[in-house]
Amino acid sequence: MFRTHTCGVLTKEESGKSVTLSGWVHKHRNFGGLVFLDLRDRYGITQIVCNPENITDFTVVESLKYEHIITVEGTVELRTEGTQNTTLSTGEVEVIATHVSILSNTKPLPFEIFDAKKGEEDEELRLKYRFLELRRKKLRDNILFRAKVETHIRQFMNSRDFIDIATPILTVSSPEGSRDYLVPSRIHPGKFYALPQAPQQYKQLLMVAGFDRYYQIAPCMRDEDPRADRAPGEFYQLDCETSFMTSEEFFTLMEPLWIELTEKVAGKKVQQNPLPRIPFRECMEKYGTDKPDLRFGMEIQEVTSWAKKGSFELFNTTEVVRVLVVPGGADFSRKDIDGKFTQAAKQGNAQGLPWMKVVDGTCESGIAKFFSHEQLQEIIQQVGAEDGSILFFGIGSWEKSATALGTVRSLAGDILELKDPNVVAWAWIVDFPMYEWDEENEKVDFGHNPFSMPKGGLEALNTKDPLDIIADQYDIIANGLELSSGAVRNKDPEIMYKAFEVAGYTKADVDEKFGHMIQAFEFGAPPHCGFAPGIERIIMVLTNEASIRNVVAFPKNQKAEEPMMGSPSEVTEEQLKELHLQIKKEKE
RNA sequence: GGACCGGUAGUUCAAUUGGCUAGAGCACCGCCCUGUCACGGCGGAAGUUGCGGGUUCGAGCCCCGUCCGGUCCGCCA
């Protein structure tokens, strides 16, 4: 027998019992005779006491190295007064070993499993030995937590009559969205399958088929470059779709899932319940982004008419001026303002970051000199700035003046520690514009998803300025991360053709690209809506994890390689021949 | 594709201004130690400072090139 108990369960209740444990030697402390072992498995750690008086072949114990896998037989005993370890769940007891045997030994490790207080090893190395890194507590806890979340999601969805349906992995390349991963067809020379970027079209077809409520924790493959919150290659979504619901009814249906995951599974607090619904325009104006961190306020305000009273040229020549009041920001150093904060503003597409500080009831430094004393009093009044604040200004178009301050707001939230790690601020962002102006090509283009239903339907498309049309589309966000977009889908062929026409596509274009969808809708489609929140991002929000690679068991690196197995890899000539492929030789 | 930051024993980090025979912790090897929990003590092995060139009496450090890695932009729900 390998074990009667795991390494995380023994308490004083079991004292006196004979037990067998198996696991990894996490630590060993050798006192030249008496040896302590910290035996580890995924459930926890139990201290083993090896005394030569109780063990016949003690050389085995003395030969143990870190991460050897062993089986221990022994007796559970209460630890004596003063030797308990309160940091372990099993710290009240220890196992007095009578027999120890090695199941597997190990080469010297490329890095230690034990969490020492030091820097992190190079990620390349950790990914190459991912099976070792996964033994570490932090990563193991993330993966175990992810499993708990996914289990809860499935229970929730099942209890609401959603049906789990698998959709094809080998599917067809679709022209919109991201770059596809392609799979060559052996049977059809020159033809390719594509791996799904998302089961978007299949799930809509399931609604046409009458399944009414569908979900799937679906793999999605996209050939794009990574970011800290975006996995290269592949990731998972809670893909779901419902029929016969308005978007508001859908919100009400799904909201308890976010509340339960936050409170019951992660043990954190929900900032606001029911979740706020924030219209896109209002969101941009207040927070300078469509995915604000709502754990703190600090809203942006518009001050154009005031700004134009002074003699600051950038204000007088711009369209809109907005201000972000950061309480306590007067303490920011010149170095940080010109460095970190200006850098943040530039990330928000600003040229620079005008500012002034509120000190002793008036404004000073920065651009204060361009305004009269009265004008400075006026702005303090208008925006309600208290002494010790700093005012950051955003200038430019309606959008640019806001986004410049959105990134600054987020940075200020970090620096002032306003983002409570034990709180999750969920929100629905609603009323996205159906179209936006494409500066580069000087034409109207889809703002987000072309398959969203425009609010007002055909009539809106026929009569309104395209840029004024609102799509019945929404995002679910949390703590500054966008988890998913979603929409009431455009399921009416006539409205679909018209919607594409507004963006400059002919009927023939639409038929060529999306003919199969339109054809399906022509046989009747129920009104339907849904979304597809990213699983990894949900876990990131619930664990405060900044890197998506820390919530994936076997992630790819920045170049979309998996260093442990060595993907992608070359294949044999034979395989290529079967697939009718030839590799073009790189130029020397 | 572009910008920025980085690369020193297996690993995490040091190495004042360009002055070394490149150090320390952990891991590894050997010895000592019966109540530790980051155990402790003594000793040992371990390095082409990513690579190539240059400046210099002298380069881990300065310069040029190159490779590799990370973050961000582009791209992407």
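Side-chain atoms are counted along with the backbone in the values below, which use heavy atoms only and exclude waters and symmetry mates. As the structure is a computational prediction, the values presented were derived from the model and not from experiment. Naming convention: chains lettered A, B, ... in sequence-line order (proteins, then strands); numbering from 1 in each chain.
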Considering only atom P, compute the distance from B:U55 to B:A14 and round it to an integer number of Å.
31 Å
Can you tell me, in whole Å, how much space there is between the P of B:G74 and that of B:C64?
29 Å
Interatomic distance at P, B:A27 relative to B:C67, whole Å:
39 Å
Is the base of B:C37 touched by the side chain of A:Asn85 through a donor-acceptor pair closer than 3.5 angstrom?
yes
For B:G25 versus B:C39, give the span between their P atoms, rounded off to a whole number of Å.
16 Å
Taking the nucleotide of RNA chain B with the nearest heavy atom to each, does A:Pro108 or A:Gln473 sit closer to the 5' end?
A:Pro108
Tell me, please, which residues at least two apart from A:Tyr505 pass ring-ring contact (aromatic ring centres under 6.0 Å, His included).
A:Phe500
Would you say the side chains of A:Glu255 and A:Trp426 form a donor-acceptor pair under 3.5 Å?
no
Summarise protein proximity over nucleotides 70-76 of chain B in one line of letters, 5' to 3': B for base, S for sugar-phosphate only, - for none, counting protein heavy atoms closer than 4.0 Å.
BBSBBBB
Between A:Phe162 and A:Tyr214, is the gap from one ring center to the other below 6.0 Å?
no
Taking the same atom, C1', in B:C61 and in B:G70, what whole-Å distance lies between them?
23 Å
Checking A:Glu123 now: which residues fulfil side-chain hydrogen bond (donor to acceptor under 3.5 Å, both in side chains) with it, not counting sequence neighbours?
A:Arg549
Is atom CD of A:Glu62 surrounded by more than 12 heavy atoms (other residues, nucleotides or ligands) closer than 6.0 Å?
yes
Passes salt bridge (Lys or Arg N to Asp or Glu O under 4.0 Å), A:Glu150 versus A:Arg146? Steps please.
CA-CA 6 Å; A:Glu150 290 188 20; A:Arg146 177 174 176 159; 2.9 Å; yes
Residues, nucleotides or ligands: over 12 heavy atoms within 6.0 Å of A:Tyr236 OH
no
Residue list, side-chain hydrogen bond (donor to acceptor under 3.5 Å, both in side chains) with A:Thr80, at least two apart or on another chain
A:Thr83
Using a strict heavy-atom distance below 4.0 Å, which residues from residues 61-71 of chain A are in contact with RNA chain B?
A:Lys65, A:Tyr66
Among residues at least two apart in sequence or on other chains, which ones pass side-chain hydrogen bond (donor to acceptor under 3.5 Å, both in side chains) with A:Gln84?
none
Residues in side-chain hydrogen bond (donor to acceptor under 3.5 Å, both in side chains) with A:Asp475, at least two apart?
A:Ser485
Using the P atom as the reference point in each nucleotide, state the distance between B:C28 and B:C62 in Å, no decimals.
36 Å
With rounding to the closest Å, how many angstrom separate the P atoms on B:U56 and B:C13?
36 Å
Between B:U36 and A:Arg29, is there an OP1 or OP2 to side-chain N/O distance shorter than 4.0 Å?
no
Counting only heavy atoms and a strict 4.0 angstrom limit, can you tell me which residues of residues 275-290 of chain A come near RNA chain B?
none
Sequence neighbours left out, what passes ring-ring contact (aromatic ring centres under 6.0 Å, His included) with A:Tyr193? Give chain and number order.
none
Do any side-chain atoms of residues 90-98 of chain A form donor-acceptor pairs under 3.5 angstrom with protein atoms, and if so which ones, sequence neighbours left out?
residue, atom, partner, partner atom, Å
A:Thr90, OG1, A:Ile45, O, 2.5
A:Glu94, OE1, A:Gln47, NE2, 3.1
A:Thr98, OG1, A:Glu73, O, 3.2

Ring pair (Phe, Tyr, Trp, His ring centres under 6.0 Å): which pairs involve residues 61-93 of chain A, sequence neighbours left out?
A:His28-A:Tyr66
Atom pairs under 3.5 Å: protein N/O with N/O of nucleotides 33-35 of chain B:
residue, atom, partner, partner atom, Å
B:C33, N3, A:Asn30, O, 3.1
B:C33, N3, A:Gly32, N, 3.4
B:U34, OP2, A:Phe31, O, 2.9
B:U34, OP2, A:Gly32, O, 2.5
B:U34, O4, A:Glu53, OE2, 3.4
B:G35, N1, A:Glu94, OE2, 3.0
B:G35, N2, A:Glu94, OE1, 2.6
B:G35, N2, A:Glu94, OE2, 2.9

Which value, in whole Å, describes the distance between the C1' atoms of nucleotides B:C68 and B:U49?
15 Å
Does A:Arg29 come within less than 4.0 Å of A:Asp38, counting only side-chain N to carboxylate O?
yes
